[in-house]
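In what follows, a single structure is set out as C-alpha cells and then discussed.
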2 protein chains.
Amino acid sequence: MTSIAAASARGRRAARTSGDDRESAILATAERLLAQRSFADISIDDLARGAGISRPTFYFYFPGKDAVLLTLLDRVIEEANAAAGDVLDRLAGDPRARWRELIDRFHQTFGAHRAVVLACAQVRGTNAEVRRLWAAVMEHWVRAIEGAVEAERRRGAAPDGLPARDLAIALNSMNERVWYATFAGDGPAVAEPDVVDVLLDVWLAAIYKEGPPVNASGSGRAPS
Amino acid sequence: MTSIAAASARGRRAARTSGDDRESAILATAERLLAQRSFADISIDDLARGAGISRPTFYFYFPGKDAVLLTLLDRVIEEANAAAGDVLDRLAGDPRARWRELIDRFHQTFGAHRAVVLACAQVRGTNAEVRRLWAAVMEHWVRAIEGAVEAERRRGAAPDGLPARDLAIALNSMNERVWYATFAGDGPAVAEPDVVDVLLDVWLAAIYKEGPPVNASGSGRAPS
DNA sequence: ACGGGAGTCAACACCCTGTCGAGAAGAATC
DNA sequence: GATTCTTCTCGACAGGGTGTTGACTCCCGT
C-alpha cells in the first residue's frame with residue numbers, strides 16, 4: 001500500500017466547513033469535462049463555473065488547474081497500487097497466471113479512469129509537478145518488477161540476462177505507451193480486448209526467454 | 001524513401017526571393033531555443049525576434065508555432081527513414097546484427113535531434129497535427145516491422161505467436177517510450193550507452209522466443 | 001514612372017491567468 | 001445582541017500570449 005502519492009495538502013484549505021463540497025464539485029467537474037475535451041481546452045473558468053463558483057474562488061481551493069489533475073491522479077495511483085496488491089509475492093505458484101493478473105489489474109484501473117490518465121500523459125510534458133509524481137510512481141513500480149524478476153532468477157525460474165532494472169524499465173515503459181495508444185485511439189494501437197495478452201506475451205518472453213516454467217498445472221513449454 | 005511526411009507547404013510562402021533566409025532563420029532559432037527551454041515556454045515572439053523579424057511577420061512564414069515544430073519533425077522523420085534504409089530486407093543473413101543495426105540507427109537519429117523529438121512528444125497531447133503526423137509515421141514503421149516478423153516466421157526463423165501487428169505495435173511503443181525517458185532524463189530511464197542493447201534484447205526475446213538462429217557467421221549468442 | 005506582388009510591422013481585439021482588496025456569512029466570545 | 005475573528009466569495013485589475021487588420025515600404029518587370 002504505502003501510497004507514494006502523498007494525497008495530502010494538494011488543495012489549500014484547512015477547514016472542515018461546507019467548503020468541502022466545493023472542492024469535490026471542482027474535482028467532479030474536472031473529471032466530467034476531461035471525458036469531453038482535452039485538458040488544455042479546459043479553462044479554470046470552466047472548472048469554476050462547473051462547480052458553481054467564480055474564478056477567483058477557484059484559487060481558494062486549488063493553486064491552479066494542474067493541482068486538480070494532480071489530485072485526480074493521486075486517486076488513480078492509489079487505486080492502482082491497491083489493485084496490484086501483493087501479486088508479485090505469489091509469483092512462484094503460477095507465474096503466467098500471476099503476471100497476467102498484475103497486468104490485467106492495472107489495465108482495469110487505468111481503463112476505468114482513462115480520461116485522467118490520458119490527460120496526465122499529455123500534461124506531463126509541460127507540467128513539472130505531474131512529471132515528478134509520475135516519475136516517482138514509475139520508480140516504485142520499476143523497483144517492484146525488478147525485485148520480482150530477481151526473485152524469479154534466484155529460484156531458477158528465469159534465466160540471467162539484462163540487468164533486472166533495465167528490463168523492468170523497458171517493460172513498464174512498453175505498457176505505459178501501449179495503454180496510452182489503446183485508450184487514446186490515435187495511431188496504431190492494440191485492440192482493447194487483446195492488449196493484456198499482448199503485453200503479457202512480451203513480458204514472459206523477455207523475462208523467461210522460453211515461456212515460464214510449469215510449476216503447477218501451467219501450460220507453458222518446459223525449459224530445455 | 002517515399003517520405004510519409006509530406007514536406008510540402010507547411011510554410012505559407014510560394015516565392016523564391018530573399019524570404020527563404022527568414023524561414024530558415026525561424027527554423028534554426030526554434031531548434032536552438034528548443035535545446036534550452038521547453039516548447040511551451042517558447043513564444044512566437046521569441047521565434048520572431050530570434051529570426052530578426054517582428055511577430056506579425058512570423059505569421060507570414062508560418063501559420064503558428066506548431067507548424068515550425070512540424071517542419072522540424074518532418075526532417076527528423078525523413079532522416080530516420082533514410083537511416084533505416086533497407087535493413088529489414090537483409091534480416092536473413094544475421095538477424096541479431098540486423099535488428100541491432102535498425103534499432104541503433106533510430107537511436108542515433110533521434111539522439112541527434114533529441115530536442116525536436118522531445119518537444120514533439122510533449123506537444124502531441126495538445127496538437128492534432130503533430131498527433132496525426134506521428135500516428136502516420138508510427139503506422140509506417142509498425143507495418144515494416146510487422147512484415148519483417150512475418151517474413152522471419154515464414155522462413156522458420158521465428159516461431160508463431162502473437163499477431164505480428166500487435167507484436168510490432170508493442171515493440172515500437174516500447175522503443176518510443178524508453179527513448180523518451182532516456183533522452184528526457186526524467187523518471188526511471190535506461191542509461192544512454194545501454195539503451196540499444198536493452199531494447200534489442202527484448203525485441204529478440206519477443207520475436208524469436210529463444211534467441212535468433214545463427215545462420216551465417218553472426219556473432220549472436222547461440223540459442224540453447 | 002508605375003502597377004503589383006512580396007515582405008514588414010504598429011496597433012488592435014481577444015482570451016486566459018493570477019492577484020488584490022473589499023466584502024458576506026457564520027460561529028465563537030463577551 | 002453586539003463584537004470579533006475566520007472562512008469564504010467575487011468584481012476588477014494587470015500582465016502576457018495569440019491571431020488579425022490595414023497601411024506602408026521595397027523591388028522587380030514593363
Side-chain angles (χ1 to χ4, degrees), chain A residues 8-30 33-34 36-71 119 122-123 125-130, chain B residues 8-30 33-34 36-71 119 122-123 125-130:
Chain A
S8 59
R10 195 78 73 194
R12 180 185 277 174
R13 292 178 327 89
R16 55 267 182 236
T17 58
S18 73
D20 264 340
D21 308 341
R22 296 282 154 83
E23 190 165 330
S24 311
I26 293 175
L27 256 12
T29 303
L33 256 36
L34 233 30
Q36 301 167 358
R37 352 174 196 161
S38 101
F39 185 69
D41 291 337
I42 298 174
S43 74
I44 290 185
D45 200 61
D46 294 330
L47 258 24
R49 301 221 161 273
I53 57 179
S54 75
R55 204 166 53 78
T57 300
F58 169 92
Y59 286 102
F60 180 80
Y61 292 97
F62 291 95
K65 205 168 54 155
D66 298 349
V68 178
L69 191 56
L70 235 12
T71 303
Q122 294 172 356
V123 169
T126 62
N127 179 287
E129 289 249 20
V130 171
Chain B
S8 58
R10 195 79 72 194
R12 179 184 276 172
R13 292 177 328 88
R16 56 270 183 230
T17 59
S18 72
D20 264 340
D21 308 341
R22 296 282 153 83
E23 189 165 332
S24 309
I26 293 175
L27 290 169
T29 303
L33 257 35
L34 233 29
Q36 301 167 359
R37 350 172 198 162
S38 99
F39 185 69
D41 291 336
I42 299 174
S43 73
I44 290 183
D45 200 59
D46 294 331
L47 259 25
R49 301 220 160 273
I53 56 179
S54 75
R55 205 166 53 78
T57 301
F58 168 93
Y59 287 102
F60 180 81
Y61 293 98
F62 292 96
K65 207 169 51 154
D66 298 348
V68 178
L69 190 56
L70 233 14
T71 303
Q122 293 171 356
V123 169
T126 62
N127 179 289
E129 289 249 19
V130 172

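Residue numbers begin at 1 in each chain, while the letters A, B, ... track the order of the sequences.
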Nearest whole Å is fine: how far is [N] [atom2] from [X] [atom1]?
| X | N | atom1 | atom2 | result |
| --- | --- | --- | --- | --- |
| B:Asp41 | D:dT18 | CG | P | 11 Å |
| B:Phe58 | D:dT20 | CZ | C1' | 15 Å |
| B:Phe62 | D:dG19 | CZ | P | 14 Å |
| A:Asp21 | D:dT7 | CG | C1' | 14 Å |
| A:Phe60 | C:dG21 | CZ | P | 17 Å |
| B:Tyr61 | D:dG19 | OH | P | 18 Å |
| A:Ile26 | D:dC8 | CD1 | C1' | 12 Å |
| B:Ile53 | C:dA10 | CD1 | C1' | 15 Å |

message: Please give me the minimum heavy-atom distance between A:Ala51 and A:Thr29, naming the atom from each residue.
response: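 Heavy atoms of A:Ala51 and A:Thr29 come nearest at N-OG1, 3.7 Å.
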query: Looking at B:Val68 and B:Ala30, what are the two nearest heavy atoms and their distance?
result: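 Heavy atoms only, the tightest pair is CG1-CB, 3.6 Å.
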message: Apply side chain to side chain donor-acceptor pair (under 3.5 Å) to residues B:Asp46 and B:Ser43 and explain how you reach the verdict.
response: CA-CA 5 Å; B:Asp46 294 331; B:Ser43 73; 3.3 Å; yes
query: Are the side chains of A:Ile44 and A:Phe62 in touch, meaning some heavy atoms are under 4.5 Å apart?
result: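 Side chain of A:Ile44 against side chain of A:Phe62, heavy atoms only: no contact under 4.5 Å found.
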message: Just so I know, are the side chains of A:Leu34 and A:Leu69 near enough to count as touching, which here means a heavy-atom distance under 4.5 Å?
response: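 Yes - at least one pair of side-chain heavy atoms lies under 4.5 Å apart.
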- request: Ignoring hydrogens and angles, tell me if any N or O in the side chain of A:Lys65 forms a donor-acceptor pair with the backbone of A:Ile42 under 3.5 Å.
  value: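 Between the backbone of A:Ile42 and the side chain of A:Lys65 there is a qualifying donor-acceptor contact (under 3.5 Å).
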Can you tabulate the close N/O pairs, meaning under 3.5 Å, that link protein atoms to atoms of nucleotides 13-17 of chain C?
unit_1	atom_1	unit_2	atom_2	d
C:dT17	OP1	A:Ile44	N	3.3
C:dT17	OP2	A:Ile44	N	3.4
C:dT17	O4	A:Arg55	NH2	3.4

- prompt: According to a strict under-4.0 Å criterion, is B:Thr57 in side-chain N/O contact with OP1 or OP2 of C:dC9?
  reply: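 B:Thr57 to C:dC9 OP1/OP2: side-chain N or O found under 4.0 Å.
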